[in-house]
*Asks:* 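My structure is below; once you've seen it, I'll send some questions.
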Amino acid sequence: MTQTNLIKPMLETIYPVIDYGKGVYLYDKTGKEYLDASSGAITANIGHGVEEIIEAMHEQAKRVSFVYRSQFTSDAAENLARKIAELSVGDLNWSFFVNSGSEATETAMKIAIQYWQEKGIYTKNKVLSRWMSYHGITLGALSMSGHTGRRARFIPLLEDFPVIHPPYCYRCPYNREAPECGYVCAQELDTVIKRIGAEQIAAFIAEPIIGASGGAITPPKDYYKVIKEICEKNNILFIADEVMTGFGRTGPMLACEHWDIKPDIVALGKGMGAGYAPIAAALVSDRIMEPILQGSKVVMSGHTLSANPQSCAVSLAVLEYLDKNEIMKEIDEKSTYIFKKLYELQKMFPVIGDIRGKGLMIGLEFVENQKGKTPFPRSFLFTQKLIGQAEKCGLIVYPAGSGIDGVNGDAVLIAPPLTITIPEIDELVKRLHETLRLFTAIYLIIEDDA
């Protein structure tokens with residue numbers, strides 16, 4: 001093991017040292033090229049090395065990089081908040097800037113609880129969520145997360161907020177199909193609320209499309225309509241965790257738009273700074289801000305680097321780049337093309353059990369048997385081996401949870417920069433084909449499913 005002072009995710013792994021990036025490609029110190037098919041952690045939404053963003057970073061740094069939000073505001077922060085309000089649906093007009101998705105979801109949770117306090121209701125302190133969800137790694141965000149692997153070490157410190165099944169149609173726990181099922185997984189929320197008591201519950205939080213813990217699990221048509229109706233009936237706020245899906249990842253500004261729902265609070269991150277600077281936000285509707293403005297006039301949250309002008313200037317440049325180049329308008333065409341190519345791969349490689357997602361957020365779930373949907377044994381470490389093989393083939397994909405328990409299953413996310421071109425999609429699929437060909441040759445004996 002090479003001497004290092006850096007704590008990395010896997011302490012004994014020797015990681016390639018990245019030298020530079022350009023567009024959808026990264027290059028390590030040896031000159032090896034990687035096609036970044038996951039935008040890092042579904043973050044580098046406009047690709048690497050974009051000169052306009054670098055110039056915006058430089059210009060802001062020449063002026064001022066940091067002021068403390070309790071002492072000053074800045075043009076960069078004010079303009080970014082205005083831009084996000086213009087892009088967002090409904091009356092989501094207020095932005096609280098933070099530094100990471102975990103901070104964004106935790107801030108959203110605090111604002112939801114404070115909203116009820118400002119209205120004189122002090123019992124609404126719980127934020128319900130789903131199993132197979134991930135809302136962040138801080139203790140508050142992890143309490144809301146139904147990611148069993150990441151919760152395991154810290155169970156004594158966490159709240160029991162995950163309460164209902166995810167809308168996992170590929171492995172429905174009720175063995176039913178939408179819409180004939182009546183969206184029973186959504187109706188679960190009503191039952192849980194009755195058990196706990198609506199007077200105890202501040203909000204329900206959900207990722208519109210489940211990312212790291214579900215491999216792009218995508219709800220059927222009216223799922224969120226049912227969820228939102230249950231929340232409204234019980235005076236419970238709806239928080240959309242769009243840290244991974246926001247800013248065009250699935251096509252529109254917010255993935256919630258696919259289901260025509262308007263959240264009360266939204267958590268944003270990742271693509272907001274596109275990897276050029278750490279920044280995230282809790283986006284709050286006028287209705288939720290009203291009692292706070294009429295009451296304490298203070299949102300009780302904040303971090304030293306919240307709303308720093310350097311990160312805000314970068315994020316604004318990213319959003320203007322998306323807008324100016326009409327990148328979101330191209331997502332549907334690119335999505336249709338890549339899904340078609342992936343379905344062709346599925347016919348060649350029976351280990352691909354399910355392909356799901358929207359826009360350029362796509363999940364591949366892997367199985368031993370397509371018909372039976374049999375997962376690989378956990379001990380086989382399918383996902384880890386596949387990602388290792390992909391890296392050897394110059395392809396970066398993102399590991400994701402799957403399986404009915406969120407543990408015993410294998411999946412990856414395909415989520416390249418939104419700027420990827422059709423020829424680059426062809427190259428992505430070519431490298432994925434080579435990855436699967438070599439992987440199956442090395443590790444698997446595939447039985448004919450026919």
Side-chain angles (χ1 to χ4, degrees), residues 126-135 142-152 155 158-196 201 204-231 234 236 238 240-241 255 258-259 351-358 362-378 382-383 399-413:
K126 293 183 179 292
V127 178
L128 303 186
S129 63
R130 303 180 298 206
W131 289 106
M132 286 187 78
S133 64
Y134 182 59
H135 302 293
L142 198 56
S143 284
M144 294 186 287
S145 300
H147 192 306
T148 52
R150 295 183 186 181
R151 288 178 64 93
I155 289 290
L158 303 179
E159 298 286 348
D160 293 325
F161 287 161
V163 290
I164 65 172
H165 287 101
Y168 194 0
C169 293
Y170 181 65
R171 296 187 184 278
C172 176
Y174 300 100
N175 295 312
R176 297 168 72 177
E177 292 187 9
E180 290 77 17
C181 64
Y183 301 100
V184 62
C185 59
Q187 297 291 352
E188 272 185 50
L189 181 60
D190 197 47
T191 302
V192 168
I193 291 168
K194 287 183 173 72
R195 288 172 182 159
I196 295 172
I201 304 164
F204 174 75
I205 186 170
E207 301 160 274
I209 296 173
I210 301 172
S213 63
I217 289 175
T218 306
K221 182 175 178 289
D222 289 326
Y223 173 84
Y224 282 117
K225 179 183 176 184
V226 175
I227 289 287
K228 194 70 163 63
E229 286 173 352
I230 291 169
C231 287
N234 290 281
I236 292 169
F238 179 70
D241 179 352
H258 291 293
W259 292 272
V351 292
I352 302 176
D354 193 31
I355 302 172
R356 53 188 180 244
K358 284 185 181 293
I362 304 163
L364 305 182
E365 182 170 341
F366 301 100
V367 292
E368 271 193 316
N369 179 284
Q370 279 184 341
K371 287 183 179 177
K373 304 179 183 178
T374 312
F376 285 89
R378 183 81 264 124
F382 183 103
T383 301
S402 66
I404 195 64
D405 56 5
V407 177
N408 293 293
D410 294 284
V412 298
L413 288 172

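From a predicted model like this one, the values you see are computed outputs, not experimental measurements.
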*Asks:* What I'd like to find out is whether the side chain of Y183 reaches to under 4.5 Å of the side chain of I227, using heavy atoms alone.
*Replies:* no
*Asks:* So, do C172 and H165 sit near enough that their side-chain heavy atoms are less than 4.5 Å apart?
*Replies:*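 SC-SC contact between C172 and H165 ruled out.
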*Asks:* Indicate the atoms forming the closest heavy-atom contact of G146 with S133, along with that distance.
*Replies:*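 Nearest pair, atom of G146 first, then S133: N-OG, 2.8 Å.
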*Asks:* Please name all residues satisfying salt bridge (charged side-chain N to carboxylate O under 4.0 Å, His left out) with R150, sequence neighbours left out, ordered by chain then number.
*Replies:* none
*Asks:* Determine the minimum heavy-atom distance between A411 and G401, stating which atoms define it.
*Replies:*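 Between these two residues, the closest heavy atoms are CB-O, 4.1 Å.
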*Asks:* I need the minimum non-hydrogen distance between V407 and R378, along with the two atoms involved.
*Replies:*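 Residues V407 and R378, closest heavy atoms: O-NH1, 2.7 Å.
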*Asks:* Is a side-chain donor or acceptor of K373 paired with a backbone partner of Y170 at a separation under 3.5 angstrom?
*Replies:*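 Yes; at least one donor-acceptor contact below 3.5 Å.
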*Asks:* Could you pull out the closest heavy-atom pair between P167 and I210, with the gap in Å?
*Replies:*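 It is CD-CD1, 4.1 Å.
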*Asks:* Using side-chain heavy atoms (C-beta onward) and a distance below 4.5 Å, is V163 in contact with E188?
*Replies:* no
*Asks:* Taking the side chain as everything from C-beta on, heavy atoms only, tell me whether K358 gets closer than 4.5 Å to P208.
*Replies:*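 Heavy-atom side-chain distance check fails, nothing below 4.5 Å.
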*Asks:* If you compare all heavy atoms of G409 against all heavy atoms of P375, which two are closest, and at what distance to 0.1 Å?
*Replies:* CA-CB, 4.4 Å
*Asks:* Side chains of T148 and W131: does their closest heavy-atom pair fall under 4.5 Å?
*Replies:* yes
*Asks:* Does the side chain of K228 come within less than 4.5 Å of W259's, by heavy atoms?
*Replies:*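 Side chain of W259 against side chain of K228, heavy atoms only: no contact under 4.5 Å found.
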*Asks:* Got a second to check how far N234's CG is from I201's CD1, nearest 0.5 Å?
*Replies:* 7.5 Å
*Asks:* Out of curiosity, I209 CD1 to H258 NE2, how far, rounded to the nearest 0.5 Å?
*Replies:*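 If we round to the nearest 0.5 Å, I209:CD1 and H258:NE2 are 5.5 Å apart.
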*Asks:* Atom CG of L142 and atom CD of E159: how far apart are they, to the nearest 0.5 Å?
*Replies:*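 Reported to 0.5 Å precision, the distance equals 11.5 Å.
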*Asks:* Using a strict 4.0 Å threshold on nitrogen-to-oxygen distance, state whether E365 and R356 make a salt bridge.
*Replies:* yes
*Asks:* Testing the basics here: between D241 and Y134, what is the closest heavy-atom pair and its distance to 0.1 Å?
*Replies:*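 That would be OD2-O, 3.5 Å.
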*Asks:* Measure the spacing between CD1 of I236 and CZ of F204 and express it to the nearest 0.5 Å.
*Replies:* 9.5 Å
*Asks:* What residues, two or more places apart in sequence or in another chain, satisfy ring pair (Phe, Tyr, Trp, His ring centres under 6.0 Å) together with F366?
*Replies:* F382
*Asks:* Should the heavy atoms of other residues, nucleotides or ligands under 6.0 Å from NZ of K225 be counted, would the total exceed 12?
*Replies:* no
*Asks:* How many angstroms lie between atom OG of S213 and atom NE2 of H135, to the nearest 0.5 angstrom?
*Replies:* 7.5 Å
*Asks:* Restricting to salt bridge (charged side-chain N to carboxylate O under 4.0 Å, His left out), what partner residues turn up for E207, sequence neighbours left out?
*Replies:*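 None.
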*Asks:* After noting the C-alpha distance and the side-chain angles of S402 and Y168, does the key distance pass the side-chain contact (heavy atoms from CB on, under 4.5 Å) rule?
*Replies:* CA-CA 9 Å; S402 66; Y168 194 0; 3.7 Å; yes
*Asks:* Can you check whether P173 reaches I404 side chain to side chain, under 4.5 Å on heavy atoms?
*Replies:* yes
*Asks:* Quick one: pull up CG in L189 and CZ in R130 and give me the separation to the nearest 0.5 Å.
*Replies:* 10.0 Å
*Asks:* Please examine the side chains of V351 and D410, heavy atoms only from C-beta on, and report whether any two atoms are closer than 4.5 Å.
*Replies:*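 Result no, sub-4.5 Å side-chain heavy-atom pair not found.
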